[in-house]
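So you know, we letter chains A, B, ... as the sequences are listed, proteins then strands, and number each from 1.
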There are 2 protein chains.
Amino acid sequence: MTTLVDVANTSSRTLRLLSLLQARAYWPGPELADRLGVSVRTLRRDVERLRDLGYPVDATSGPEGGYRLAAGASLPPLALDDEEAVALALALQGAATNSDDDDNGAAAQPALRALTKVVQVMPPRLRRRVDALRAVAVSGPWGAEGGPDPAVLLTLAQACRDTERLALDYTAADGTRTQRRVEPHALVRLGRRWYLLAWDLGRGDWRTLRVDRTATARVEGGRFRPRELPGPDALAVVEGSIRTAPARHEVSAVLHVPADEARARLGGWAHIEELDPAQRGRCRLRMSTESLDWAAFALARARCDVSAVEPSALRDHLRAWSERFAAASSASSA
Amino acid sequence: MTTLVDVANTSSRTLRLLSLLQARAYWPGPELADRLGVSVRTLRRDVERLRDLGYPVDATSGPEGGYRLAAGASLPPLALDDEEAVALALALQGAATNSDDDDNGAAAQPALRALTKVVQVMPPRLRRRVDALRAVAVSGPWGAEGGPDPAVLLTLAQACRDTERLALDYTAADGTRTQRRVEPHALVRLGRRWYLLAWDLGRGDWRTLRVDRTATARVEGGRFRPRELPGPDALAVVEGSIRTAPARHEVSAVLHVPADEARARLGGWAHIEELDPAQRGRCRLRMSTESLDWAAFALARARCDVSAVEPSALRDHLRAWSERFAAASSASSA
DNA sequence: ACATTGCGGACAGCAACTGGCCGCGACCGC
DNA sequence: GCGGTCGCGGCCAGTTGCTGTCCGCAATGT
């Protein structure tokens with residue numbers, strides 16, 4: 001399974017040892033030595049080598065003893081099997097495309113980087129499995145938001161990292177479709193959208209493109225030498241070129257349940273504050289969101305009476321839902 | 001940054017080379033050699049070594065040529081930096097705890113396995129960052145469902161893999177809290193819940209415990225020799241011990257928008273079917289869910305009139321929401 | 001055509017690795 | 001307490017492997 005090829009090499013053995021230590025927590029020394037095809041003495045030396053490399057290998061003596069890879073100063077290369085790799089690719093993809101704005105929005109960037117690493121070295125058969133599952137596993141409300149195509153996002157990320165020219169099918173804001181050849185420079189996440197900062201070869205100028213408006217992206221082969229950015233920082237450039245930040249709503253409401261009960265029902269989804277002691281059995285909900293749908297949903301999940309709903313836009317929203325639901329729940333046939 | 005420790009070792013250099021090749025796609029040979037502190041000739045030999053190990057390193061000649069790590073027969077050990085590791089841990093954790101039932105429910109198991117691997121070798125400082133972000137990043141409606149504590153889930157997974165005895169604080173179905181000492185055998189995901197199949201040392205019998213009812217779990221130190229399962233398969237045992245599968249709702253409704261518009265608004269969230277051509281401008285929504293909240297939310301996201309809502313329970317649900325929202329949207333003060 | 005880059009053979013010197021042996025300490029079950 | 005099992009690390013002698021340098025060759029883009 002993980003046997004790869006047996007090379008008698010010392011360094012290859014060290015790599016194999018690292019993999020083995022990650023696959024199982026405890027390994028009796030003799031078994032390890034047998035697996036690696038060396039004597040126990042040499043195994044000890046290999047372990048010592050790993051330790052010198054900075055990977056702390058704990059060992060316990062006595063019967064049932066053995067070696068175990070512990071947490072160290074830096075992360076060792078992860079040896080994952082096929083299933084784990086697929087799960088990882090899907091999870092990272094979800095994190096890169098779906099993650100919430102304020103929370104792990106910052107984590108989306110590293111997630112995307114990690115994803116490019118994984119995908120680049122992933123065997124084709126695994127990539128096919130990921131592609132197949134991707135279709136099924138959109139699974140999540142964000143898909144509804146017309147988020148970026150994960151495949152496109154991934155291609156763009158790789159091209160940025162590798163400084164490779166791209167050909168894009170792009171739909172501009174006014175709906176016109178254009179073909180663009182660009183030198184991609186950076187992917188920036190702003191709000192809950194991804195933007196590609198690129199040098200447009202057709203127009204000879206910098207452009208900020210929305211990834212979710214990019215239908216297809218393919219690598220054109222040629223690599224390029226990065227130009228100097230028209231600003232101190234990719235983020236700054238993109239921010240400058242985006243007109244307005246998407247409107248945020250600061251939601252506030254009073255829930256007619258005790259605070260801890262509300263927290264239990266809503267999880268970490270909204271901030272729940274205690275009200276003053278006189279108002280026992282009630283609490284205040286606060287959340288900051290771009291989508292009133294989410295706010296309405298949160299109120300619904302609270303399963304209790306609600307009052308003092310705060311942006312008036314949300315009240316309008318609730319009224320609209322209410323009317324629609326009333327209609328839907330009464331009419332039982334088309 | 002990634003320098004670890006400089007060991008003049010050959011094997012360490014091979015590891016470093018692997019990391020470098022993953023960090024950037026193209027590396028000119030001379031630059032690589034310089035980074036590794038060896039001559040180009042030795043670099044070529046190192047590359048050859050990697051190839052012998054099964055990692056396909058592509059090389060292109062000519063100016064702008066260089067080395068690149070391609071997709072191979074098996075996944076090479078992933079060398080991730082700190083940020084990537086944190087993002088990865090968060091993403092995997094999300095996949096393991098939140099993932100939807102039918103879709104990547106199957107992927108939850110490998111995700112959890114991968115997570116145990118990562119966490120086991122993750123430096124404490126990174127683990128702290130993950131823990132810190134975890135609190136913020138529940139971010140998602142599932143948190144509200146009282147899903148399992150990721151930390152507990154992780155501890156259980158590690159203990160299963162390492163066959164280590166555990167002490168659990170468990171809240172039984174009737175609400176009584178008990179302390180249990182168990183030998184954990186397998187984690188099984190059924191429906192959208194995690195179950196721990198374990199041998200209860202206090203009672204001397206097998207038990208199936210719900211992970212989300214487990215408040216704390218700590219490793220007791222001792223390792224044990226796995227007992228024989230009372231069935232062919234952990235899944236079978238757990239299935240047998242769970243009385244009823246959680247009730248599922250097969251939701252159906254007619255949306256008063258064209259099918260493709262509905263798909264655009266709902267993403268992969270629900271299945272949208274065309275109706276017969278006479279009914280242009282309408283389509284049928286189908287989804288299968290355990291939570292009527294989600295169904296209601298989906299209908300709301302469709303932002304259109306809805307009719308022929310199908311389980312009557314959902315109609316009741318909608319009516320309840322409607323009334324609550326009507327109240328909330330009119331009363332603007334507590 | 002030229003420069004740049006990768007490929008691989010040959011060689012000599014040096015460094016490292018290997019296996020076998022040893023005594024030591026830690027730990028567990030009897 | 002005692003013996004068995006296991007990890008630790010020193011020592012040694014033989015062998016293996018690695019390294020840098022030099023070389024001619026092939027591929028590629030300017």
Side-chain angles (χ1 to χ4, degrees), chain A residues 6-18 20-21 24-53 55-70 162-165 220-225, chain B residues 6-17 20-21 24-53 55-70 163-165 220-225:
Chain A
D6 13 23
V7 189
N9 248 325
T10 308
S11 26
S12 89
R13 205 182 50 238
T14 309
L15 235 48
R16 292 224 314 274
L17 176 56
L18 201 53
L20 289 177
L21 284 176
R24 238 169 66 182
Y26 278 101
W27 286 92
E31 192 177 344
L32 269 184
D34 184 57
R35 281 254 185 162
L36 298 173
V38 293
S39 68
V40 254
R41 184 65 186 88
T42 302
L43 169 70
R44 281 204 290 276
R45 273 192 275 250
D46 284 354
V47 170
E48 193 186 344
R49 207 194 322 279
L50 279 186
R51 288 177 181 150
D52 280 352
L53 275 172
Y55 307 130
V57 183
D58 285 356
T60 46
S61 327
E64 297 286 306
Y67 295 92
R68 119 175 263 165
L69 189 56
D162 304 348
T163 61
E164 287 178 317
R165 292 207 182 79
E220 278 212 320
R223 289 207 299 295
F224 63 92
R225 203 169 301 282
Chain B
D6 11 27
V7 189
N9 245 324
T10 309
S11 25
S12 90
R13 206 183 48 238
T14 309
L15 237 47
R16 290 223 318 271
L17 175 57
L20 290 177
L21 285 175
R24 238 168 68 183
Y26 278 103
W27 286 92
E31 192 178 343
L32 269 186
D34 184 55
R35 282 251 185 166
L36 298 173
V38 292
S39 68
V40 247
R41 184 66 185 92
T42 302
L43 169 69
R44 282 204 289 277
R45 275 192 273 249
D46 284 353
V47 169
E48 192 186 346
R49 207 195 322 278
L50 279 186
R51 287 179 181 147
D52 281 352
L53 273 172
Y55 308 133
V57 183
D58 287 357
T60 47
S61 328
E64 298 287 304
Y67 295 92
R68 118 175 264 165
L69 189 56
T163 60
E164 287 179 317
R165 292 207 182 82
E220 279 213 320
R223 290 208 298 297
F224 63 92
R225 202 170 303 280

When you compare the protein's N or O atoms with those of nucleotides 3-12 of chain D, which come within less than 3.5 Å of each other, and at what distance?
| from | atom 1 | to | atom 2 | distance (Å) |
| --- | --- | --- | --- | --- |
| D/dG7 | OP1 | A/Gly29 | N | 2.6 |
| D/dC8 | OP1 | A/Arg51 | NH1 | 3.4 |
| D/dC8 | OP1 | A/Arg51 | NH2 | 3.1 |
| D/dC8 | OP2 | A/Tyr67 | OH | 2.7 |
| D/dG9 | N7 | A/Arg44 | NE | 3.2 |
| D/dG9 | O6 | A/Arg44 | NH2 | 2.5 |
| D/dG10 | N7 | A/Arg41 | NH2 | 3.4 |
| D/dG10 | O6 | A/Arg41 | NE | 2.9 |

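Within 6.0 Å of CZ in B/Arg41 there are more than 12 heavy atoms belonging to other residues, nucleotides or ligands.
Contact check for A/Arg13 versus A/Arg35: no side-chain heavy atoms found under the 4.5 Å cut-off. Between B/Leu21 and B/Leu50, the closest side-chain pair of non-hydrogen atoms falls below 4.5 Å.
Distance OH (A/Tyr26) to C1' (C/dC27): 13 Å, rounded to an integer number of Å. Atom CG in B/Leu17 sits roughly 12 Å away from atom P in C/dG6 (whole-Å rounding). Counting to the nearest Å, the P atom of D/dC18 and the CG atom of B/Leu50 are 13 Å from each other. In this structure, A/Leu36 places its CG atom 15 Å from P of C/dC17, rounding to the nearest Å.
Put simply, A/Arg49 has a side-chain N or O that comes within less than 4.0 Å of OP1 or OP2 on C/dT18. Under 4.0 angstrom from either OP1 or OP2 of C/dA16 there lies no side-chain N or O belonging to A/Thr10. A/Ser39 has no side-chain polar atom (N or O) that falls below the 4.0 Å cut-off from OP1 or OP2 of C/dT18.
Ion pairing between B/Arg49 and B/Asp46 holds under the 4.0 Å rule for side-chain N and carboxylate O.
B/Thr14 and B/Ser11 share no donor-acceptor pair across their side chains, judged by distance under 3.5 Å alone.
A/Trp27 places a side-chain N or O within donor-acceptor distance of the main-chain N or O of A/Leu20, the cut-off being under 3.5 Å.
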